[in-house]
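Structure first, then comments.
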There are 2 protein chains.
Amino acid sequence: MFVLCMENTDNNFESSSDTRNRLLYAAEKLFCQRGFEGTSVRDITAEAGCNIAAVNYYFGSKEKLYEELFHMRLSEKIQGHMKTIEQVCARPDATLEDLLRELVRPTMESALRGDTWSRVVRFLVREALHHRFGRDKIAEELIDKFFERLAAAFRQLLPGLEKRAAWRAVLTFESLVMHPILFFEMYDLVLPGFTVKEITEQIVRVGAAGLRSCLKGTAE
Amino acid sequence: MFVLCMENTDNNFESSSDTRNRLLYAAEKLFCQRGFEGTSVRDITAEAGCNIAAVNYYFGSKEKLYEELFHMRLSEKIQGHMKTIEQVCARPDATLEDLLRELVRPTMESALRGDTWSRVVRFLVREALHHRFGRDKIAEELIDKFFERLAAAFRQLLPGLEKRAAWRAVLTFESLVMHPILFFEMYDLVLPGFTVKEITEQIVRVGAAGLRSCLKGTAE
DNA sequence: GTCTATAGCCAGATAGAC
DNA sequence: GTCTATCTGGCTATAGAC
């Protein structure tokens, strides 16, 4: 069910049925653009080029389709990030900048293409705005696991980083990564002609400096 | 129409009618929680304790109510921030940390209370997710003005900061400020017992270190 | 200004033909 | 598996009584 590596791919669902795959793909596109309530089953089936009844046939309801999509994409995103962390942290000469860059780059490239990874982020933010975190046990555990691994990686690459400071660092870093995806239009307005490299290096530079400043303790 | 200082106040609308005010307040609360499509006129009038027809009587349509609310709150937020920047930059001994702290603190306090400022941010994020930026000229001009002023302030407090680097710094800083409001529930999960001071100082520290790192140029 | 009643529409879900 | 047809209900907006 879960696809480990999804860079440079897009419509990579593994369902048994073609129609089912097209429904998942169409639903993801529309949910991320217009939200759950803003998307009708009719919109989804039209985009997928199949009949209105198909959503209920394959998923039972519009809501179950959404949930399956959300858990699937969240798992993919987190498993991809986990793999990246393992790979970078296994290198004896790895720096904090290396880790940040490897985590940020695929996300930024995806944001420019508007494909899967950026959709997953939009999914997550929509969920957060709807206050669904903390109620969904599957999502909560996945995010918790990932944050714990990332905090450990930060402490490995930044010796002396306290435990609570590492957790703050995780949240801070995530905010830097998400922002360009959410405010893509604004970036284009303010930084006309910006490139993936410019944004990626900005996040790596600011993230590394910011994270290093967390070593100094909480005193202002 | 626009209220300049809204700290520690909440239901501070200035319409002529009481019912109109209650509608604005109820609509803001529900739109921010469930989004435009997820909120019905029935929900709003029920929350405001008045009749279904009131929305159309006072605003013409559900959509016009939303737009009025959005422009009003965006103006308030930006005018408040502009005032803060003027005040801090007028002080001859002002530091970068001073400015960041003054910009961040009211937002964080508001996030904890869940009142107006945090709602404005949720509004903005929803708008961004719906790709409405770039179409709404009023919002675009307001944001542009604010970003320009903030970039100038950064260049004043960080001598040597290049123009484009200042624009990147503005976007980076905004991402740090917005995050705790969007992922409030996650903060509670990851940093149990966190305080406004802890988060504020984290953002000020990381923001200042990150912004200073922008002085070094774009070379990695 | 505030209400009730309702028009007109579109939503999600399902029954049943093929 | 895929389709058409349809049920049921909620939605926005409005007409018109008070």
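Below, chain A is the first sequence line, B the second, and so on; all start at residue 1.
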Nucleotide nearest A/Tyr57 when distance is taken to its side chain, options C/dC3, C/dT14, D/dT2: D/dT2

field: Side-chain heavy-atom pair B/Asn51, B/Tyr57 within 4.5 angstrom cut-off
entry: no

- prompt: Where the side chain of B/Lys62 is defined as all heavy atoms beyond and including C-beta, which of C/dA13, C/dC3, D/dA13 is the nearest nucleotide?
  reply: D/dA13

field: Gap between atoms CG and P, on A/Asn21 and D/dG1 respectively (whole Å)
entry: 12 Å

query: Rounded to the Å, how far apart are A/Leu30 CG and C/dA11 P?
result: 13 Å

task: Could you check whether A/Thr39 gets within reach of a base, just the sugar-phosphate, or nothing at all, counting any heavy atom under 4.0 Å?
output: sugar-phosphate

query: Hey, does B/Thr172 have a side-chain heavy atom less than 4.5 Å from the side chain of B/Cys214?
result: no

task: Examine C/dT2: is either OP1 or OP2 under 4.0 Å from a nitrogen or oxygen in the side chain of B/Tyr58? Give yes or no.
output: yes

message: Distance check needed: C/dA13 C1' versus A/Lys64 NZ, whole Å only.
response: 12 Å

- request: Verify the contact: side-chain N or O of B/Asn51 to OP1 or OP2 of C/dT4, cut-off strictly under 4.0 Å; return yes or no.
  value: yes

- line: Of the candidates C/dA13, D/dT14, D/dA13, the side chain of A/Arg42 sits closest to C/dA13

- line: Contacts of A/Phe146 meeting ring-ring contact (aromatic ring centres under 6.0 Å, His included) (sequence neighbours excluded), chain-then-number -> A/His81

task: Specify the separation, in whole Å, of atom CD1 of A/Ile44 and atom P of C/dC10.
output: 18 Å

message: Can you confirm whether or not the ring centre of B/Phe147 sits under 6.0 Å from the ring centre of B/Phe154?
response: no

B/Phe31 side chain reached by B/Ile44 side chain, heavy atoms, under 4.5 Å: yes

- prompt: Within the structure, does a side-chain N or O atom of B/Thr19 lie under 4.0 Å from either OP1 or OP2 of C/dT2?
  reply: yes

query: Expressed in angstrom and rounded to an integer, what is the separation of A/Arg22 atom CZ from D/dG1 atom P?
result: 13 Å

task: Taking only the side-chain heavy atoms of A/Ala53 (C-beta and beyond), determine which of C/dT14, D/dT14, C/dG12 contains the nearest atom.
output: C/dT14

- prompt: Between D/dA13 atom P and B/Asn56 atom CG, what is the distance in whole Å?
  reply: 5 Å

field: Distance in angstrom units between A/Leu23 CG and D/dG1 P, rounded
entry: 13 Å

query: Which whole-number value in Å describes the distance from A/Ile52 CD1 to C/dC10 C1'?
result: 11 Å

message: Judged by each residue's nearest nucleotide on DNA chain C, which is more toward the 5′ side, A/Val41 or B/Ala54?
response: B/Ala54

